[in-house]
Each structure stands twice: as C-alpha cells, then as structure tokens.
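Note that ligands are numbered from 1 as they come in the structure, with each ligand's atoms numbered from 1 the same way. Atom set for the values below is all heavy atoms of this structure, side chains included, hydrogens, waters and symmetry mates excluded.
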Amino acid sequence: MSNKFTYKYYLLLSICLFIVVTLSAQKLPRERKRFTEEWLFKKTTDSSASQIQYNDKDWRKLSLPHDWAIEGPFKPEYNPRTGGLPIFDKAWYRKHFKIDASAKGKIITLEFDGIMYNSSVYINGSKVYERPYGYIGFEIDITPYVKLGSDNVIAVKLNPEMLASRWYSGAGIYRNVWMEIKNPVHVKHWGNHISTPVVEKEKAKVKVETMVSSKQKNHVGKYQIKTSIVDADGAEVAKLMADFKFISGEAKIIQELEVVNPKLWDMETPHLYKTVSSIYKNNIVVDTYTQQFGIRTISYSREGFFLNGRRVKLKGVCLHHDLGALGTAVNYRATERQLQIMKAMGVNAIRTSHNPASPEQLDLCDKMGLLVQEEAFDCWAMPKVENDYSKYWAQWHEQDLRDMIRRDRNRPSIIMWSIGNEIREQNKEDGYLLARSLSKICKEEDPNRPTTAGFNNFSVAIKNGLAAEIDLVGANYKPSDYASTMQQHKDWIVYGSETASCVSSRGVYHLPLEKYDKHPSLQVSSYDNQSPGWAYPPDVEFHFQDSLPNAIGEFVWTGFDYLGEPTPYGGKDNLTHGNWDTDWPSRSSYFGAVDLAGFPKDRFYLYQSRWTTEPMVHVLPHWNWEGSSVTEIPVYCYTNCDEAELFVNGKSYGRKKMGVDKTIVPVAFNAWKNRPKNFESPYRLNWNVLYEKGELKVVAYKNGKEAAVKTINTAKTPNQIKLIPDRKVISADGEDLSFITVKIEDEDGNFCPLADNKIEFKLSGPATIAAVDNGNAASTEPFQANYRKTFNGLCLLVIRSKKGAAGEVKIEASSAGLKTSAIIISIQ
Ligand code: GAL
C-alpha cells in the first residue's frame with residue numbers, strides 16, 4: 001500500500017469514526033420507549049391511592065399489558081354473557097418513575113393505547129386526564145406535573161362497571177403504554193395524514209400533511225420540514241423540503257412527493273413505505289417523526305370492490321378483541337397467530353367488531369396483507385346494556401370517532417370505517433340525523449374511505465333513512481335482501497356485514513341428527529344444523545353471494561370463538577338480561593369457525609373449501625361410534641376439488657360431484673322450525689354410511705385426478721400424549737409465546753377424538769405457563785394453571801419467555817394411565 005493511499009485511508013476512517021461517535025453521543029430529538037414494566041396493581045376503592053406518599057408496598061408487581069379479569073375465577077354471578085369473569089371492579093395501577101434532569105426544557109408525554117375502562121390518570125397526586133371508552137388510545141402531556149431527577153408517581157384509577165358490555169371486554173391497562181421525550185417544537189400526536197391521490201404503474205403521488213406543534217412562547221427563527229419517503233429496505237425514494245411558520249402555536253404543512261415505480265401494497269405483496277419528517281429550527285433537527293403507510297388504490301361500485309384496479313371479493317370474518325385464554329392483554333404473537341389461522345382458512349378481511357382495534361392487530365394486518373373494516377361503536381346514545389357506552393355518548397363520541405380515524409387513516413389495510421353495529425337508533429325516525437353527523441365526521445377526517453354500518457333491523461334502517469347516510473350498506477343476517485335492496489336503490493352497494501352465526505362445538509356430533517334450541521351437554525353439534533333464529537348456516541350466505549357474483553362479499557360471525565355471549569345457552573333480551581346464569585357454566589361463544597383455543601372446527605374447512613384453491617378435503621364426523629345406538633352415520637365432506645369418493649374399510653360409497661344437489665338451500669333459509677335436520681347443500685357432499693369400525697377415507701378429485709385425501713381411523717383407548725409446538729424457538733423478550741397443541745393418541749398414533757384426560761404440565765427452564773385451554777365453552781377450569789383436561793382429544797398449553805433469559809425449556813406432560821411426553825423449546 002502506498003503512503004499516500006494509507007494516509008487517505010486513515011483520514012477517511014477517522015472521519016467515519018468521528019461521525020459515528022458524535023452521532024451516538026447526541027440524543028435523538030425524540031425518544032420513544034415502552035412504559036410497561038414495574039407497575040403495581042391493587043383492587044381497591046381507596047381514592048388516596050392517587051397520592052405520591054401512598055403506601056403501596058404490598059401491591060402486586062406486574063408488567064403491562066394486563067387483564068385482571070382473565071385471572072378468574074369463573075362465577076355465574078359475574079355474568080356468563082361477559083364470560084363469567086370479573087370484568088368490573090374498582091382498581092388502581094401505580095408506577096414510580098424517574099426522568100433524567102437532562103430532559104429539562106423537553107416535552108414529556110405518555111401514550112396509552114387503551115385502558116378498559118373509565119380511567120383517570122394522576123401524576124404526583126394531580127388528576128391529569130380521564131377517558132371512559134376502553135377501546136381508544138390517548139396521549140397525555142405530563143410535562144407540567146413531573147419533577148426531573150427525582151421520584152414521580154403515576155396512578156391510574158379504573159372503574160369498569162357491571163353490565164357495560166355485551167361480550168367479554170377484559171379489564172385493566174390491557175394495551176401498551178409509551179413514554180416520549182421530545183422538543184417543544186414537534187410533530188403532533190398522530191400528526192401525519194398521508195394519502196395517495198395518484199397511483200400509476202410508473203409513479204405515485206404521495207400527499208403528506210404534517211401537523212407541527214410549538215409549545216414555545218415565540219416562534220422566532222427559521223423553521224423547515226424535510227419529508228422523506230423510505231422503502232422497506234431503508235432506501236430513500238423521495239424527499240422534499242419546505243419552510244413553514246407557526247400560527248398560534250401550530251403549523252400544517254402539505255407536501256406532495258413522487259415515488260417512481262411504486263411497489264403497491266396488495267394482499268399477496270403487502271409492500272410498506274414510511275415517511276420520515278424531520279423538523280429543523282435554524283438548520284438544526286429538533287424532531288424526527290416516522291409514519292408507516294402503503295401505496296394502493298381502493299374503489300367500490302355495484303360491480304364490486306377493487307384493490308389496485310382488481311376485483312376482490314371480501315372473504316371476511318368478524319373478530320372480537322380477546323385472545324382466548326390469554327384474555328384481552330395485547331400480545332403481538334397471539335394476535336399474529338389468530339390472523340395466521342384466519343388466513344389459512346382463506347380469510348382476506350377482518351371486521352374489528354365492534355370497536356377500534358389494538359395498534360398491534362392493525363400493524364399485523366398491514367404487514368400480512370389483510371383488509372380491515374374498522375368499527376367505532378356497538379351503540380350510540382341508546383343503550384344495549386345498562387351501563388354501556390351510551391352513558392358517555394354525548395360527551396365523548398365525536399372525539400372517540402375522530403381519534404380512531406386520526407390514529408389509523410394512514411394504514412393501507414383499512415378499506416372502510418364503520419360508524420356502528422346494530423345501533424338502536426336505526427329504529428328511530430330521526431336516527432338518520434346521528435348517522436349523518438357521524439358520516440360527516442368520518443369524511444372530515446378521511447375523505448378517501450367509505451363509511452359503513454351493520455344494520456339488523458334492515459328494512460327499518462332503510463325506511464328511517466340511516467342506510468342512505470352511509471356509503472356501503474351493511475346488512476346483518478339478511479342475504480336474501482341484498483339483490484332486492486340494490487334493485488330498489490340504484491346507487492347503493494349492499495353487503496353482508498355479519499353473516500351466518502352458525503354455532504358448534506369442536507369435535508361434538510349429536511347423533512341421530514336432531515334439532516334443539518339447547519342441548520343438555522351445553523355443547524352444540526358440528527353438523528351445522530344449529531343456528532339461532534335470526535341466523536343460518538354458511539351455505540345460505542354462499543347461495544346468495546353466488547347469485548350476485550359482483551357483490552363485495554361478507555363478514556362471517558365469527559372467525560374465532562370469543563369469551564362471553566354463549567348463545568344458544570343462557571341469555572335473555574339485551575336490557576333485561578341481568579342473570580345469564582340459567583345455563584351455567586356455558587360462558588363463551590360457539591359461533592367461531594375456530595374454537596377459543598385456536599383449534600379449527602369442521603366449519604373452518606367448509607370456508608376453506610370455498611375460499612382457497614390449494615386442493616383440500618375434509619371429512620366429518622370422527623369414526624369412534626362403537627357402543628353407540630346409532631348405526632347409520634351421516635358423513636359430510638368439504639372440498640374445493642370437483643368431486644370426492646368415500647371409502648369405509650376400502651369399500652367405496654361412490655363418488656359425488658360438488659354443486660350438484662341444489663335443492664335444499666332455500667328451504668333451509670326458512671324459519672328455524674322448517675329447517676331440515678340433515679343439512680344438505682351444493683356446498684358440501686353427504687353420504688349416509690352404516691357404521692363399521694376401521695378406516696374412513698375420502699379422496700377428492702380435480703379434473704378427474706386424485707388431488708387430496710383425508711383418512712380417519714377408529715382409535716383404540718388413549719395411550720400417549722403428543723406435544724406439537726407451533727414454534728420451537730422463541731425470543732427471550734418476556735412476551736413471545738409458543739402455542740403447544742396437546743393431542744391424545746392411541747398406541748398406534750391414531751387421534752382419540754373423545755379423550756378427556758386431565759394433563760399435568762411441568763416446565764423447567766426460562767419460561768412460564770401463560771395459559772391453558774381446550775376450547776370447551778362450558779368449562780370453568782382456570783385459564784392460568786399447570787393442568788388442563790383435554791376436550792375431544794385436544795388441549796392447549798401456551799408458554800411465555802422470560803425477559804433476558806435465554807436457554808432451553810423442557811416441557812413435560814403427564815396424565816394417569818398415559819405415557820408421559822416431553823419436548824424442548826429454545827428461548828433465544
Ligand atoms: C349480532 C351482533 C353480534 C352478535 C351476533 C350473534 O346481532 O351484532 O355482536 O351478538 O349477533 O349472532
């Protein structure tokens with residue numbers, strides 16, 4: 001190496017080192033960190049818990065997010081309608097914290113993603129904020145209340161009431177909390193509004209509105225904003241500078257940037273970009289704010305819903321926000337697993353029924369290419385249950401609705417805003433006035449997306465003018481009205497905002513086939529012949545969707561079972577339901593295509609057969625009918641292939657073609673009493689088979705060729721436990737989870753479909769049991785335990801890593817009379 005070259009090399013290296021060292025020594029203009037560790041919790045009515053000096057030594061230490069209600073116990077007096085769990089009470093959270101003296105002159109804010117509910121926040125004894133609605137996030141500027149360099153106490157009072165929800169809401173600071181330290185001049189909370197007025201193959205125009213706030217008394221100096229667009233690889237693909245001035249402490253800057261050859265956000269390729277807004281004062285960066293977004297177009301017409309110009313049918317599901325046995329405490333992995341299971345069923349759209357979703361759920365939808373209908377409310381000013389949101393409606397609804405849209409309007413996944421579900425104002429002559437004012441708020445906050453609502457009293461909502469006030473008219477359980485309504489209203493787009501509500505329990509088959517309102521077992525048969533009076537089997541929706549091929553689609557009630565609302569058990573009318581204890585211990589819903597533990601029911605495969613193209617076939621029921629008085633078994637097969645053939649012990653029962661038997665659907669849609677016991681439809685294949693133990697096999701054919709096979713064998717007595725983790729390696733971040741399916745098998749490895757053995761779990765290594773479940777909607781075994789009975793052969797163990805503790809975790813599962821089993825999960 002020549003001397004000259006060596007000199008240049010060292011000079012360059014020194015400059016680089018200098019830059020790196022200087023930059024890392026300099027504090028970022030905005031620090032954002034989670035504020036979720038080392039909280040204290042107690043259920044108490046003592047209002048002095050807001051005070052700094054309050055003695056909280058004996059309070060329980062925990063990390064957020066936290067849902068106290070999921071800890072149980074189950075009791076009928078807690079109301080089965082909301083899960084039979086204690087979602088009401090008076091409770092406090094406290095946290096002692098310090099902020100470094102170097103934050104002098106800075107703005108310090110806390111952001112709560114959601115508190116369930118009726119929360120008041122105190123800093124060092126002063127009440128600084130309150131918010132009744134549990135599903136909305138908010139930011140609090142705590143600067144005037146904190147002491148730098150010394151101890152501070154935040155105290156949060158929660159006062160969730162009984163009879164305040166129609167489902168399990170959870171209770172507690174159940175979403176994330178963040179602290180930000182920023183300069184007095186900074187981009188406001190949810191301060192970006194990004195839209196894409198032009199999207200073409202060669203270029204996209206990206207309009208970025210940025211709201212900057214100044215807490216400084218005078219605004220002397222030169223202010224500039226640099227907005228960059230950065231792609232998923234971190235490359236800057238566009239940038240623009242602008243000068244700006246403050247007027248009364250605020251500035252709104254509108255910039256239009258161009259992205260060449262944009263990578264569109266789509267369902268298969270959910271490309272994301274982000275804007276980076278840097279605010280300069282006298283050429284020094286005083287704030288940097290990033291916002292994720294996507295480039296895509298959406299449009300709706302009577303010819304369908306179009307994403308990037310391509311017609312897409314909504315294969316949607318409604319989801320409540322609970323994560324089954326984990327309750328409502330937000331967990332990224334548990335949310336991701338729910339959505340992955342839905343995608344495997346063929347789902348492309350989620351309705352966040354009936355409230356704003358967690359940021360994590362929406363982040364995942366953006367990332368996974370799922371479309372979202374985000375819903376604001378389940379009621380307006382007229383109550384559905386005594387203590388619901390209607391109590392706060394007058395004071396809060398406008399802010400809650402605006403905040404939902406401001407928080408989420410940059411998300412490519414969101415394709416419509418719902419202003420409400422089955423709101424009772426649909427029955428009022430002047431109900432349209434409220435619908436009008438809510439739609440107006442939506443348009444003011446986001447002129448680029450349509451509004452919608454789900455009506456159950458459909459014809460009345462039309463008559464009273466509510467349906468005319470929204471862009472997409474959602475009909476709950478009225479598939480036979482789609483066509484006629486669109487006929488009568490030539491500019492309306494009507495779709496299924498809630499469909500089916502078919503009920504079943506995983507692995508339960510009541511034979512001989514029977515119709516009942518309720519079954520003494522508190523379970524519901526999986527032959528899809530049970531659905532409440534207002535609802536119907538999925539096939540009926542398929543029939544009406546198929547008769548309107550350009551209709552925008554449906555949202556099934558529901559993708560997953562959820563806690564609470566155990567229809568058909570318990571329950572009376574909404575406002576007088578006080579005691580839902582008649583059918584205790586039934587405490588969670590039966591509507592899901594997937595049970596509460598995440599195990600697919602048969603109906604999962606029915607939707608999969610309709611919504612996916614990879615050849616699949618499914619057969620039901622199980623094949624363990626020895627000892628039963630039933631000799632003839634109805635066998636149903638779901639497939640996306642053309643035809644299927646059924647074999648029992650190698651003997652063919654013949655091939656049947658999909659779509660051939662078209663006679664039953666209209667009959668099935670008639671009043672409940674007229675529905676047939678044996679549900680036949682063009683969307684499934686049926687055989688009646690004389691039971692003989694052995695092998696039940698179904699072979700599906702596509703274009704005449706064998707394409708998919710499913711075999712079930714009669715199982716012998718339970719003999720062994722199989723542990724099947726969804727992930728064998730998880731992260732040591734204290735939040736990551738492994739979901740372990742626990743399956744009972746006979747000595748030959750056949751699944752035992754009736755097994756109800758109680759399994760005990762032993763963990764050694766750096767992890768804890770986060771939850772156990774088995775999908776039985778009528779079980780009061782605790783979700784937090786080291787044991788669980790299997791329900792129809794399956795149960796679930798969820799383990800959680802410990803923060804900063806890597807290593808191997810050995811999980812042992814044992815049960816009297818069964819071979820013990822063990823697996824290792826690696827925590828990294
Ligand atoms: C609908 C309602 C849902 C759920 C469902 C059960 O009317 O919108 O929240 O209660 O019924 O079928």
Side-chain angles (χ1 to χ4, degrees), residues 79-83 135 163-169 316-322 350-357 373-380 382-385 388-390 418-427 452-461 466-467 473-479 481 495-505 517-518 524 528 530-538 540-541 554-577 580 583 586-594 596 601 603 669 672 777:
N79 193 357
R81 155 172 280 241
T82 51
Y135 295 103
L163 308 180
S165 177
R166 292 193 303 117
W167 56 86
Y168 176 80
S169 58
V317 286
C318 301
L319 290 180
H320 268 315
H321 70 305
D322 72 61
I350 306 290
R351 173 179 182 232
T352 69
S353 43
H354 303 297
N355 44 259
Q373 172 189 149
E374 190 166 31
E375 189 151 76
F377 306 115
D378 188 50
C379 70
W380 295 349
M382 294 173 75
K384 285 186 178 171
V385 286
D388 65 16
Y389 183 73
S390 60
S418 166
I419 58 172
N421 170 61
E422 299 189 351
I423 26 81
R424 290 180 59 213
E425 282 79 353
Q426 66 194 319
N427 307 316
T452 187
F455 300 113
N456 55 333
N457 205 353
F458 194 55
S459 55
V460 174
L466 278 85
V473 180
N476 286 8
Y477 311 106
K478 297 286 180 301
D481 289 3
Y495 73 101
S497 37
E498 229 172 272
T499 62
S501 263
C502 193
V503 281
S504 61
S505 307
D517 287 336
K518 299 179 184 211
V524 184
D528 287 358
Q530 317 292 344
S531 48
W534 62 88
Y536 47 83
V540 177
E541 184 71 30
E554 64 163 314
F555 290 89
V556 176
W557 192 265
T558 48
F560 266 69
D561 277 348
Y562 51 93
L563 286 159
E565 213 179 25
T567 311
Y569 301 108
K572 299 193 185 82
D573 137 67
N574 285 336
L575 268 170
T576 55
H577 69 278
W580 259 51
D583 296 315
S586 175
R587 47 71 176 154
S588 61
S589 86
Y590 300 76
F591 293 114
V594 172
L596 198 71
K601 301 182 190 173
R603 206 159 49 258
F669 189 58
W672 168 235

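Side chains of T499 and E554: a donor-acceptor N/O pair is present below 3.5 angstrom, by distance only. For N456 and Q426, the side-chain atoms include at least one donor-acceptor pair closer than 3.5 Å. Side-chain contact of E375 with N421: a donor-acceptor pair under 3.5 Å is absent, judged by distance alone.
In terms of heavy-atom proximity, S418 sits nearest to Q373 at CB-OE1, 3.2 Å.
Between I350 and V317, some side-chain heavy-atom pair lies under the 4.5 Å cut-off.
Put simply, the residue from W380, F555, W557, Y562 that forms a ring pair (Phe, Tyr, Trp, His ring centres under 6.0 Å) with H354 is W557.
Protein residues lining ligand 1, listed by chain and number: R166, H354, N421, E422, N476, Y477, E498, S501, W534, W557, E565, F591 [non-hydrogen atoms, distance under 4.0 Å].
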